[in-house]
Amino acid sequence: MKIGSMAFAAFAVVCVCATGCRTTREVLEDYEKNLSLGNYGGSNKELLELAEKRDGSQLLWRLMAAGALHLENGREQEAIRHFDLAEAVLQRNDQTSVFAQGGEGTLAMMTNDRAFAYDGGGLDRVFTCVYRGIDFLCTGNRDYARVEFNRAAQYQRNWLYDRRKDIDAAAKRMATDAAAYQRQQNAQTADASGSVSSAMADASFGAQIREQTGFDPAASGNLDAIPQSAYVNAYVAHVGGVFRWLNGDNAIDDLKLAAAVKPGAACIARDYAECDRGGRPANQVWVWVEDGLCPSRNEWRLDLPFVYIPYARRYILYAGMALPVLRERAYGATIWSVVAGGRTMPMAELENIDRLARTEYDVYMRGALSREITRTIVRAGVQVGLGIAADHASDWRTQVALRASQIGVATWAATSTAADLRCWTALPKRVMAVRLDRPADGIVQVVADGQTIPVTVPSGNSLVFIRKPAPSAPPSVKVATMR
């Protein structure tokens with residue numbers, strides 16, 4: 001690209017200034033490093049300072065800080081407070097999509113998705129509620145825990161509706177801002193919708209996207225074709241169901257849902273069958289392990305094929321795009337087991353959070369790819385329109401002005417091209433689970449690749465939650481007993 005190096009240098013300056021000389025990527029990378037080392041509160045001072053700016057990333061910083069506090073024993077009340085503040089933002093976003101709320105600056109959709117407030121996907125919503133529920137439960141407040149598990153279940157039921165709402169709001173905003181931008185530049189441009197559709201349907205372009213991102217423009221992220229098992233979090237349904245069962249509430253719906261989306265999970269099947277028969281557990285222990293870290297996002301830059309832009313080789317100075325790419329991360333441990341009462345029991349995978357994150361990414365990408373192609377075509381079309389006008393201008397001053405505008409449009413396009421890398425990166429990679437009889441001595445040893453994690457459970461029914469973000473991270477252990 002003719003102005004690429006200059007544009008990207010300018011863009012880097014913009015990104016650095018946007019976070020007080022720290023880019024979003026740098027903040028996320030340091031957060032990951034602290035989690036991996038078990039320094040769970042290592043990033044919290046910066047995160048809370050960023051959250052207090054109350055800008056479009058407030059929700060993300062609040063979730064990250066609350067998630068880290070959740071991992072530290074004795075800081076449950078602080079974690080709950082910051083999750084409450086995050087929930088207030090989530091509820092506002094549920095009332096009005098972030099794409100309908102507006103963005104940072106006029107014609108925000110013509111810059112990039114980073115111009116809009118961080119929305120938080122379905123995973124963010126259900127884990128916010130589950131983590132609050134666990135902290136309430138571990139501090140003895142069952143009534144508040146019930147509210148959180150109920151809210152998590154409602155978020156799961158709303159998943160399809162919420163995704164459709166955001167997609168519709170983004171598409172409307174894209175059309176409005178694209179048309180307004182063309183009028184603002186006073187450039188005669190063709191309707192971009194046909195070129196966008198052609199690019200989305202192009203097999204060669206689609207293969208390039210698929211190879212780099214795993215997203216297939218022809219098939220991925222279609223809400224009409226996504227099965228319930230692709231977005232329902234069985235871990236959330238199972239924890240909520242077991243809690244209700246032990247609390248004497250109606251638990252069958254949650255356990256039935258968990259069994260439906262994870263028919264091969266023996267732990268869920270047993271709980272559902274016993275609950276359905278009217279059984280009541282006694283001196284049972286459930287152990288859930290949140291293992292590893294969910295995918296983060298990297299940026300991938302590419303050029304839109306010139307075939308979709310008329311007169312491209314002559315008039316276009318910049319026609320680049322940027323898309324987020326999922327980066328999967330390592331397990332906290334490869335093999336998990338439990339030793340209790342002289343028996344060793346393997347732990348089985350209950351839920352693959354990477355898989356759920358992939359579903360949400362694919363749904364996001366179906367809209368994001370279309371938006372990025374639209375931006376590129378419209379901004380390139382304006383460059384073409386200005387270039388043609390300059391060629392036909394009879395006055396040299398007008399020609400110079402039009403050429404300057406053309407360069408300005410191209411420079412702005414390059415400096416505003418960026419992928420949205422924001423995501424709550426503290427969520428687990430997978431969840432393991434096992435149910436066992438409470439041993440007489442109350443000692444349960446959870447073993448992670450040879451590392452023994454001792455847990456003492458008093459008499460009664462106990463719920464044990466263990467978190468190990470990385471092999472080098474010490475485990476976080478929480479125990480709640482319900483007699």
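What you see is a predicted model; the values in this text were computed from it and never measured. Side-chain atoms are counted along with the backbone in the values below, which use heavy atoms only and exclude waters and symmetry mates.
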**Pairing residues for Val261 by the side-chain contact (heavy atoms from CB on, under 4.5 Å) criterion, not counting sequence neighbours** =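 Expected list: Gln228, Ser229, Val232, Ala234, Leu257.
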**Request:** Tell me, please, which residues at least two apart from Ala330 pass side-chain contact (heavy atoms from CB on, under 4.5 Å).
**Result:** none
**Item:** Any side-chain donor near an acceptor of the partner, Asn112 and Ser416, under 3.5 Å
**Value:** no
**Asked** Going through the distances and angles, do Asp362 and Arg366 end up as a salt bridge (charged side-chain N to carboxylate O under 4.0 Å, His left out)?
**Response** CA-CA 6 Å; Asp362 284 349; Arg366 178 151 293 279; over 6 Å; no
**Prompt:** Any salt bridge (Lys or Arg N to Asp or Glu O under 4.0 Å) pairs touching residues 398-418, not counting sequence neighbours?
**Reply:** Asp391-Arg403
**Request:** If a pair satisfies salt bridge (Lys or Arg N to Asp or Glu O under 4.0 Å) and one of its residues is in residues 216-235, list it, with sequence neighbours excluded.
**Result:** Arg164-Asp224, Arg210-Asp216
**Prompt:** side-chain hydrogen bond (donor to acceptor under 3.5 Å, both in side chains): which pairs involve residues 125-135, sequence neighbours left out?
**Reply:** His70-Asp135, Asp84-Arg132, Glu87-Arg132, Asp94-Arg125, Tyr131-Glu290, Arg132-Glu148, Asp135-Lys478
**Fill in**
Residues passing the side chain to side chain donor-acceptor pair (under 3.5 Å) test with Gln154, sequence neighbours excluded, are Arg157, Asn158
**Request:** Can you sort out the partners of Asn73 under side chain to side chain donor-acceptor pair (under 3.5 Å), two or more places apart, ordered by chain and number?
**Result:**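 Residues passing side chain to side chain donor-acceptor pair (under 3.5 Å) with Asn73: none at all.
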Salt bridge (Lys or Arg N to Asp or Glu O under 4.0 Å) against [X], all qualifying residues, sequence neighbours excluded:
{"X": "Asp449", "result": "none"}
{"X": "Arg327", "result": "Glu32"}
{"X": "Glu349", "result": "none"}
{"X": "Asp113", "result": "Arg371, Arg375"}

**Item:** Results of ring pair (Phe, Tyr, Trp, His ring centres under 6.0 Å) for Trp159 - residues two or more places apart only
**Value:**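 For Trp159 the ring pair (Phe, Tyr, Trp, His ring centres under 6.0 Å) partners, ignoring immediate neighbours, are Tyr231.
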